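Right, one structure below, let's go through it.
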Amino acid sequence: MRKKRVVIVGGTGYLGQHLLQSFADDPVSNSTLSLAFTHHSVPPPHALLNAVPHALPFHVDLRTGDGLSAISDAFGEPDVVINCAALSVPRVCELDPEAAMSVNVPTSLVKWLSSFGEDSLLIHLSTDQVYEGTKSFYKEEDEAVPVNVYGKSKVEAERFVSKNCQNFAILRSSIIYGPQTISPVPKSLPIQWMDGVLAKGETMNFFNDEFRCPVFVKDLVSIVQFSTNQWIAEGKRVQLLLNVGGPDRVSRVQMAEAVARARGYSTSLIKSVPSSSVDRGVKSPSDISMHIAKLIQTTGISPTPYAEGVKLTLEAKASS
């Protein structure tokens with residue numbers, strides 16, 4: 001029996017690299033799955049290629065679909081596609097809404113995938129920023145009322161995927177945090193950034209009125225792998241929408257305090273300020289904490305508490 005084919009779109013990004021590493025390190029996946037991944041802006045780094053030598057890289061432009069046919073020609077028709085690619089910086093999206101829509105709404109990817117019939121699954125990463133932010137612990141059935149272009153592009157993406165894909169799992173992720181990747185990503189990682197700032201012993205402002213449910217990256221990887229393995233094992237029709245967050249609703253102040261406690265820094269370095277004190281050039285929802293009972297019930301995975309995830313992240317940083 002042939003190996004099942006899994007394509008990770010955005011494989012050189014933060015989540016993409018963690019997924020590639022996890023699939024490659026899993027003996028079961030190694031024996032049952034063939035891996036490929038896409039990259040866009042830069043060639044795949046050598047460190048990543050060396051760590052996942054059996055994963056085939058493909059250059060793809062999601063805006064136009066250029067490069068997708070090369071995957072099906074050289075790798076084969078995929079059984080599972082995991083879409084991690086996005087223009088995900090809200091301020092950048094606000095400055096260029098057209099680019100946000102062209103990248104974040106996976107039109108070309110879905111059309112390519114749909115050409116293979118009903119035997120494939122799309123796992124699509126969305127965001128908690130689809131919610132308006134006027135209450136706590138949003139459920140999946142709550143109305144999506146985004147307040148910025150990034151959120152609007154992701155809502156449009158969800159609608160396009162659910163309308164045009166026979167089988168899909170849409171994962172609305174909160175802030176993703178955890179260890180650095182095999183090949184370090186250029187963007188600032190939240191825990192590492194907070195650690196670096198607090199280590200200098202200087203006072204720093206943190207928002208006290210914006211709340212999220214940060215998710216440990218290895219939990220998100222486990223959820224994606226669960227969805228992949230279940231689809232491959234059962235092949236039953238899947239049309240799923242899940243909130244994917246950690247169990248704790250925290251502000252930026254509380255996030256920084258957990259880092260300070262784990263490191264032994266003085267929490268007096270953390271100055272609590274309202275988000276209105278800074279003009280970020282984009283509107284940000286106040287409270288997009290999420291209810292995750294459906295996630296736990298569906299996958300059997302209970303996400304890591306935030307304080308524990310912080311300790312695991314800092315331990316990984318110390319050992320690297």
Side-chain angles (χ1 to χ4, degrees), residues 3 5-27 29-30 33-76 78 80-89 92-93 99 102-104 106 108-109 112 123-125 171 173 175-196 215-225 228 309 312-320:
K3 288 186 175 182
R5 304 183 189 99
V6 175
V7 177
I8 298 172
V9 178
T12 55
Y14 183 70
L15 177 58
Q17 287 196 49
H18 276 286
L19 282 166
L20 279 169
Q21 185 176 13
S22 186
F23 276 117
D25 290 347
D26 178 20
S29 294
N30 261 324
L33 303 179
S34 294
L35 282 177
F37 67 95
T38 77
H39 57 95
H40 176 236
S41 54
V42 293
H46 290 295
L48 179 62
L49 293 174
N50 292 337
V52 289
H54 301 300
L56 297 180
F58 292 90
H59 182 270
V60 169
D61 187 339
L62 282 182
R63 295 168 298 183
T64 62
D66 290 347
L68 288 171
S69 60
I71 299 176
S72 36
D73 291 344
F75 181 64
V80 179
V81 172
I82 304 162
N83 183 25
C84 309
L87 195 60
S88 59
V89 180
V92 173
C93 293
S102 66
V103 173
N104 292 347
S108 58
L109 179 66
W112 172 70
I123 300 174
H124 178 77
L125 270 294
L171 307 179
S173 173
I175 297 171
I176 305 170
Y177 72 95
Q180 183 57 275
T181 44
I182 299 166
S183 176
V185 292
K187 74 173 184 177
S188 178
L189 301 178
I191 306 307
Q192 290 83 341
W193 178 80
M194 290 176 179
D195 183 36
V215 60
F216 189 50
V217 67
K218 295 192 177 184
D219 293 334
L220 182 49
V221 166
S222 295
I223 290 159
V224 171
Q225 286 186 299
T228 300
L312 291 170
T313 301
L314 294 173
E315 287 169 4
K317 181 181 178 183
S319 63
S320 62

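All values derive from a computational prediction rather than experimental measurement.
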Closest non-hydrogen contact found for S102 with R63 is OG-CG, 3.5 Å

When you compare the side chain of Q192 with that of T313, does any pair of heavy atoms fall below 4.5 Å? yes

How far does CD1 of I123 sit from CD1 of I223, to the nearest 0.5 angstrom? 11.0 Å

Spacing of I8 atom CD1 and I82 atom CD1 [to the nearest 0.5 Å]: 5.0 Å

Ring-plane angle category for F37 and H39, please: parallel below 30°, perpendicular beyond 60°, tilted otherwise. tilted

For I176 against P190, the heavy-atom pair lying closest together: O-CG, 3.9 Å

Counting distance only, does the side-chain N/O of T38 pair as donor-acceptor with the main-chain N or O of H59 below 3.5 Å? no

Using atom types as modelled and distance alone, determine if a side-chain donor or acceptor of K3 lies under 3.5 Å from a backbone N or O of N30. yes

Any side-chain heavy-atom pair from P179 and V217 closer than 4.5 angstrom? yes

Side chain to side chain contact (heavy atoms under 4.5 Å, CB included) between H40 and L62, worked out: CA-CA 8 Å; H40 176 236; L62 282 182; over 6 Å; no

Ignoring hydrogens and angles, tell me if any N or O in the side chain of S22 forms a donor-acceptor pair with the backbone of H18 under 3.5 Å. no

Could you check whether any side-chain heavy atom of V60 comes within less than 4.5 Å of a side-chain heavy atom of W112, counting everything from C-beta outward? no

Would S173 and V215 satisfy side chain to side chain contact (heavy atoms under 4.5 Å, CB included), going step by step from the backbone distance to the final call? CA-CA 7 Å; S173 173; V215 60; 3.8 Å; yes

Should L33 and V80 count as side-chain neighbours, where that means a heavy-atom distance under 4.5 Å? no

Residues L220, L125; criterion side chain to side chain contact (heavy atoms under 4.5 Å, CB included); working and verdict: CA-CA 10 Å; L220 182 49; L125 270 294; 4.2 Å; yes

Nearest 0.5 Å please: distance from the CG atom of L35 over to the OG atom of S29. 7.5 Å

Calculate, to the nearest 0.5 Å, the distance between atoms NZ and CD belonging to K218 and Q21 respectively. 7.0 Å

Nearest heavy-atom contact between Y14 and V185 is N-CG1, 3.8 Å

Closest non-hydrogen atoms of G309 and F216, given as atom of the first, atom of the second and distance, are O-CE1, 3.8 Å

Could you measure the distance from the SG atom of C84 to the CD atom of Q17? Nearest 0.5 Å is fine. 11.0 Å

The reported gap from NE2 in H124 to CG in L109 (rounded to nearest 0.5 angstrom) is 9.0 Å

Are the side chains of L48 and L20 in touch, meaning some heavy atoms are under 4.5 Å apart? yes

Closest approach of W193 to S188 (non-hydrogen atoms, all atoms of both residues): CB-OG, 3.3 Å

Under a 4.5 Å cut-off applied to non-hydrogen side-chain atoms, are L15 and V221 in contact? yes

Just do the side chain to side chain contact (heavy atoms under 4.5 Å, CB included) check on I182 and N50 with the steps written out, would you? CA-CA 10 Å; I182 299 166; N50 292 337; over 6 Å; no

Can you give me the closest heavy-atom contact between P57 and L49, atom names plus distance? CG-CD2, 4.1 Å

State, yes or no, whether a side-chain contact exists between P45 and T12 at a heavy-atom distance under 4.5 Å. yes

Side chain proximity check, I71 to P78, heavy atoms < 4.5 angstrom: no

